[in-house]
Amino acid sequence: MPLGEEQLAAALAREGYFADEGLLTAVHLALRLGRPLLLEGEPGVGKTEVASVLSRVLGRELIRLQCFEGLDSGQALYEWDYPKQLLRVRTAESRGQEIGDLYAEEFLLQRPLLRAVRSARGAVLLIDEIDRADSEFEAFLLEFLSDFQITVPELATLRAAHVPVVVLTSNRTRELHDALRRRCLYHWIAFPDAERERAILHAHVPGLTGDAAAELVRAVQRIRELPLLKRPGIAESVDWARGAAALVDGANGWPRALRRALGLLIKDEEDTRILERHAEEVFGHR
Amino acid sequence: MLAADHLWGFLGALRRAGVGAAPAKQADFLRAIAGAAPRDVRTLYWYARVTLLGDVAGLAAFDRVFDAWFVSGVPVEALGPPPSDVEGEVAAAGDGGTVSTMEARPGGGIEASAAPTTGGRTFGRSDTRQRDLMRLLREAWPARLPVVPSRRRRPARAGRRLDMRRVWRQARRDGGELTRLRWTTRPPRARRLLLLLDVSGSLKRHTPELIRLAHTAPARTEVFTFGTHLTRVTKALADARVDAALAAVSRTVTDADGGTAIGEALGRFLANPRFLALARGALVVVISDGLERGDCTAMVRAVERLSRLGHRLLWWSPLACSPTYRPVTRGMAALLPHLDRLGGVRDLATGLSEVERIPHVVAGPRRAAWRHYLSGTASGARA
């Protein structure tokens, strides 16, 4: 029986993940309806993290498929272990035995999708950055995503005994096929509001004072409004807070420490220059 | 009104607003609310959004429909005419407002539109210099196109996967003895080239040379021209004899040297699923000066989408040949973040130098382009 939304929120928060209402609904429905969940959002808003937190909350194995250009079915679904087959033929020959079936399960190399189908207790499958794979690759996913089964022509159609929880993430650098979107529930993860971001920082950066957190969150929220090439995500603001916490000495050193650790938040020369021009309004007085 | 009728009405309105809502997604939505009735409108909103919305680009339209049916209480059917499946009729998905498209129709604010079509413009005969340049271009293209690993495996000296067929065949010849392992690999395959060529009046001087440039493009290239409307000229250009191909193009293209409606023409390209498939993963080259009369929103939206569909998006403009050129017109400035390169091409010679540059083009930061979908749409703070 899947968790209710409140229990889910509490369980995620225990793992240090503070989801908003939309994401909670999305995860809850994905679990209840057994559909894959497609998450989009700017880098660093915690898309990938959803899957790893879910695997801990549900006590299921996390299987990750990182997509890249040129990814093919052999790397995602399965491959036949040819060297092993050859060895079997040779040993059988030298001992004068029957060769037997060369396309049996023992010769099958399981890649992430097949592993997710065969996982004994059901897995959490993360298909990360699907927009990096070629558009042809999406076709390989379709059978898997709608029926959670994989057809191995030499063997059989393998069906998942326990429906895996599937999370797909995309940075929207490429447009995904409608056929893929249709099979998924969809959620766009926005940047968190100030309150949620403070909660995240407190959970991930021990020793951060309330004032410092408030100042940091205010600065980050203002920086996100600047016309930057790459807006800092939550991962960056956590890094920034950690860096500043390491640099700070004394309770009054926070503004200085924050400025010195800025390299952890902004990672582009051009953005740094834009930020310098707006330093007043970002770090301005309260 | 019964609750069920209201729901069906809502789903129908979504579909008319151009927000996906395919049957499978509708089934998801209904299963979601049947399993546990949503506590309040807010929960219902998230149930509906997560199951029915397929793309953040449609969020604004989705919110409008949802508000009309569940928040304001009165379903308003003022969401524009239903998008028809007829080619060239559909505005950008999720656009919702059909008014801007109407304004951008041929003639909308175009001085040259008094005679939008001259029809059957001829492109002259090719001289020796042109023929030489075209030969160089024909040699240059294939080596410069970006590649992907082919999906079809080929025998190779080394690789990751055994070529079992050849191994067994050799073994049979050698009396069952495995003497040598053979391998397969995925040889690189050139990506498709998609050329979108502006033939409007502002490029009049350059059009003959630019069409010759298109004729040098390698096999599998798709070529479209646009002025006041979109024309596929791939077939017309297929003739290996240059002048015969040019004559065929001049018969096909009826809007040469007329007005410009870049946004509308590109929008029409994107609205056709068959054309759309040609852009996927392709090297997309738009040859145009980007001088859009009137509202540029449609053009920017179309280019944005094009940049996400293709592998790389290059924009070649005759204006950019001048060293003093700065893309400061409203349209070009808005396009710039979506382009991987803005190059200067006005004839075959400049075309050749841009073709030679293609391997050095790196992908620009496209994510930046997604911001405006967030500004103005309520994503977490809904009533």
Side-chain angles (χ1 to χ4, degrees), chain A residues 4-5 20-30 32-33 35 37-38 40-43 69-70 72-74 79-80 82-83 85-86 89-90 93 131 134-136 146 171-178 180-193 196 227-231 268, chain B residues 20 22-25 28-29 31-32 35-36 38 42-43 45-47 49-57 59 148-149 151 160-164 167 171 176 178 181 186 273 276-277 279-281 305 307-311 337 363 365-371 373-375 377 379-382:
Chain A
E5 265 177 76
D20 64 12
E21 200 183 346
L23 182 59
L24 278 179
T25 310
V27 171
H28 171 75
L29 283 182
R32 211 178 78 199
L33 302 179
R35 298 312 286 276
L37 176 60
L38 170 63
E40 286 193 324
E42 293 207 32
E69 205 171 87
D72 66 10
S73 59
E79 262 178 311
W80 288 107
Y82 294 124
Q85 288 174 325
L86 285 178
V89 173
R90 301 298 297 169
E93 264 177 7
D131 52 336
D134 312 303
S135 58
E136 290 92 340
S146 47
N171 285 331
R172 278 198 85 103
T173 56
R174 181 170 68 71
E175 190 168 302
L176 303 180
H177 277 277
D178 246 8
L180 182 74
R181 288 182 182 278
R182 225 172 29 235
R183 286 166 170 79
C184 302
L185 301 181
Y186 173 83
H187 183 63
W188 169 272
I189 304 190
F191 283 120
D193 53 24
R196 184 163 289 115
L228 300 182
L229 233 49
K230 159 82 181 78
R231 295 197 291 181
D268 184 279
Chain B
K25 303 216 107 195
D28 275 347
F29 171 61
R31 275 168 64 208
R42 207 178 142 85
T43 318
Y45 168 79
W46 282 113
Y47 275 24
R49 180 170 148 184
V50 163
T51 49
L52 293 169
L53 184 70
D55 191 322
V56 72
L59 184 55
V148 275
R151 299 252 156 220
R160 274 191 68 239
R161 192 185 288 194
L162 277 176
D163 188 346
M164 291 309 283
V167 170
L178 294 175
L181 295 183
R186 296 168 62 189
L276 204 67
R280 266 186 214 283
R305 181 119 193 266
S307 86
R308 286 200 322 279
L309 281 168
H311 172 67
R366 282 170 201 179
R367 290 171 194 140
W370 281 95
R371 284 177 201 167
Y373 281 114
L374 297 177
S375 56
T377 52
S379 43
R382 291 187 53 86

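Convention: sequence-line order gives letters A, B, ...; per-chain numbering from 1. Keep in mind it's a predicted model, so treat the numbers as computed, not measured.
Ranking Gly70(A), Ala26(A), Gly22(A), Ser135(A) against chain B, the residue ahead of the rest is Gly22(A), based on heavy-atom pairs under 4.5 Å. Top candidate by heavy-atom pairs under 4.5 Å with chain A, chosen from Gly35(B), Gly281(B), Ala24(B), is Gly35(B). Of all the listed residues (Gln85(A), Arg90(A), Glu136(A)), the one sharing the greatest number of non-hydrogen pairs under 4.5 Å with chain B is Arg90(A).
Take Glu69(A) and apply the side-chain hydrogen bond (donor to acceptor under 3.5 Å, both in side chains) test, not counting sequence neighbours, and it matches no residue. Under the salt bridge (Lys or Arg N to Asp or Glu O under 4.0 Å) criterion, Arg186(B) pairs with Asp72(A), sequence neighbours left out.
Rounding to the nearest 0.5 Å gives a distance of 12.5 Å between CG of Leu53(B) and CZ of Phe29(B). Taking CD of Glu175(A) as the start and CG of Leu276(B) as the end, the distance is 6.5 Å to the nearest 0.5 Å.
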Should Asp28(B) and Arg182(A) be marked as a salt bridge (charged side-chain N to carboxylate O under 4.0 Å, His left out) after you check the CA-CA gap, both sets of side-chain angles, and the distance that decides it?
-> CA-CA 10 Å; Asp28(B) 275 347; Arg182(A) 225 172 29 235; over 6 Å; no
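If you measure heavy-atom distances from Leu29(A) to chain B, the contacts under 4.5 Å come from the side chain alone. In this structure, chain B has a heavy atom under 4.5 Å from the backbone of Leu176(A), while its side chain stays farther away. At a 4.5 Å heavy-atom cutoff, the contact between Arg35(A) and chain B is made by side-chain atoms alone. Residue Ala36(B) touches chain A through both its backbone and its side chain, counting heavy-atom pairs closer than 4.5 Å.
A donor-acceptor pair under 3.5 Å is formed between the side chain of Tyr186(A) and the backbone N or O of Val56(B).
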